[in-house]
Amino acid sequence: MPELPEVETVVRGLQAVLPGRRILSVRLGKTDFIDDPKLLSERLPGSSIGWISRFGKFIFVELSGGARDTNSEAQLHLLIHLGMTGRVTACAPSEPVRPHTHVFFALDDGNELRYTDPRRFGKIRLADDAWMDALRARWGEDALAIGAAEFVQRAGRRGARIKALLLDQHTVRGIGNIYADESLWRAKIHPARRADRLNAKQLRTLHRAIRTTLLAAIDLRGSSFSDYVDAEGNPGMFQRMHRVYQREGKACRRCGSAIRRVQVAGRSSFFCPRCQLAPRTPKRSRARKK
DNA sequence: AGCTCTTCCTGAAAGC
DNA sequence: TGCTTTCAGGAAGAGC
């Protein structure tokens, strides 16, 4: 599941091979996850790739000089979201094509940029500067860019459970299920706690825990469980460092208690029942009667 | 308005 | 063994 550290790793890999390349042609398979597939086919051939960057879990590819705006100053931005199972790789066209590969860009160095996504939860869209400005105004800050004070202020006025808030990309962008659980464990906060019931000190601790966790994961090139690989096709190593995620029943690395798993915000949430105390009035999403 | 639940999709794993 | 069912999750949209 690509979250911020995985996307950052992919972006660094693409940064090493894509800038300066020209896109010669575009070939598409299934397109139901592409915002405007015809636009891609029309505008991308002939355009040059500039800087590659990351915002939350989005990959931004700067493009200039496409087929129909050779004399225009306007930049185009290719937005790629990997969803659950998306992978972007640059390789030789002779490399075997993985199943569910739906986008092929032929590049002027003879290589091919491919987008593969079995579940097609990913998104691809072409945006202009105005669209990008609107998007940045509407979206929350990147999880590695937001300061402690702003995080405390934003989160502290929300009634949502802290796990749901971390997963909601409108508040802080880039955190998904793995890093939400890992950060909450590090900060010793139960996933079902309401954000506005946490004090400023706890929220500052959480902000710090998020940074520490994400940076450590980037160092190990992300977490690989099922599908995630970087731009060269290699898995990450941070899954070996997980403290709670996918460790139900195993010993907490801090206190030895058995890690538990509950549903919060419709997602599996792993936590230590001793280090992360439950809220006083635990919310039950549904009364279970048997 | 603000929060939670459902939906999309496929492959892996569990269940019978 | 082999078929069927369940589950995983990002984020939009529906529902409350």
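Chain naming here is simple, since letters A, B, ... match the order of the sequence lines and numbering starts at 1 in each. When reading the values below, keep in mind they use all heavy atoms of this one structure, side chains included, and skip hydrogens, waters and symmetry mates.
- Here A/F270 lies out of heavy-atom contact (under 4.0 Å) with every strand.
- Distance A/K57 NZ to C/dA12 C1': 13 Å, rounded to the nearest Å.
- OP1 or OP2 of B/dG11 has at least one side-chain nitrogen or oxygen of A/H100 nearer than 4.0 Å.
- Relative to the side chain of A/R261, the nucleotides B/dT4, C/dG10, C/dC7 differ in distance, and C/dC7 lies closest.
- Ion pair A/R54/A/D142 flagged as a salt bridge, since at least one NZ, NE, NH1 or NH2 atom sits closer than 4.0 Å to an Asp/Glu carboxylate oxygen.
- Checked against a 6.0 Å centroid threshold, the rings of A/Y115 and A/H102 do not count as neighbours.
- Annotation: cation-pi pair A/R254/A/W185 present, NZ/CZ under 6.0 Å from the ring centroid and within 45° of its normal.
- Of the possible donor and acceptor atoms, one in the side chain of A/H81 sits under 3.5 Å from a partner among the backbone N and O of A/G83.
- Residue A/L277 is not grouped with residue A/L184 when hydrophobic side chains (ILVMFWY) are merged at heavy-atom distances under 4.5 angstrom, including chains of intermediate members.
- Proximity of A/R161 to the phosphate of B/dC3: no side-chain N or O atom is located under 4.0 Å from OP1 or OP2.
- Phosphate proximity of C/dG9 to A/T85: absent, as no side-chain N or O sits under 4.0 Å from OP1 or OP2.
- Atom NZ in A/K163 sits roughly 13 Å away from atom P in B/dT4 (whole-Å rounding).
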Step-by-step salt bridge (Lys or Arg N to Asp or Glu O under 4.0 Å) determination, A/K30 to A/D32: CA-CA 6 Å; A/K30 288 188 183 178; A/D32 55 353; over 6 Å; no
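- A/R267 comes within contact range of at least one nucleobase, with a heavy-atom separation under 4.0 Å.
- Of the residues near DNA chain B, A/A164 and A/R120, the one whose nearest nucleotide (by heavy atom distance) lies more toward the 5' end is A/A164.
- Residue A/M84 contributes atom CE, which lies 15 Å from atom P of C/dC7 at whole-angstrom precision.
- Side-chain to base pairing of A/R119 with C/dA8: one donor and one acceptor N or O lie within less than 3.5 Å of each other.
- Within the nucleic acid shown, A/K123 has no heavy atom closer than 4.0 Å to any nucleic acid atom.
- The distance between atom NE2 of A/H102 and atom C1' of B/dC8, rounded to the nearest whole Å, is 14 Å.
- No side-chain donor from either of A/S268 and A/Y245 sits under 3.5 Å from a side-chain acceptor of the other.
- When the P atom of B/dG2 is taken as reference, atom CG of A/D196 falls 12 Å away, rounded to whole Å.
- When heavy atoms are screened at a 4.0 angstrom cut-off, A/A265 is found touching no nucleic acid atom at all.
- Taking the centre and axis of the six-membered ring of A/F104, the NZ or CZ atom of A/R27 falls inside the cone set by 45° and 6.0 Å.
- Comparing the local axis fitted to the first five base pairs of the helix from B/dG2-C/dC16 to B/dC16-C/dG2 with the one fitted to its last five gives a bend of 60°, rounded to 10°.
- Remark on DNA chain B: of its neighbouring residues A/V264 and A/P99, the 5'-side contact belongs to A/V264, judged by nearest-heavy-atom nucleotide.
- Between A/K30 and the phosphate of B/dC9, there is no side-chain N or O to OP1/OP2 separation shorter than 4.0 Å.
- Scanning atom types as modelled, no donor and acceptor separated by under 3.5 angstrom connect the side chain of A/R157 and the base of B/dG2.
- In this structure, A/R125 atom CZ and C/dA11 atom P are separated by 14 Å, rounded to whole Å.
- Look at CZ on A/R98: it is 16 Å from P on B/dT10, rounded to the nearest Å.
- Aromatic stacking of A/F121 on C/dG10: satisfied, with centres closer than 5.5 Å and planes within an angle under 30 degrees.
- Remark: A/Y179 is not in phosphate contact with C/dG10, judged by side-chain N or O atoms under 4.0 Å from OP1 or OP2.
- At whole-Å resolution of the value, CD in A/Q263 and C1' in B/dC3 are 17 Å apart.
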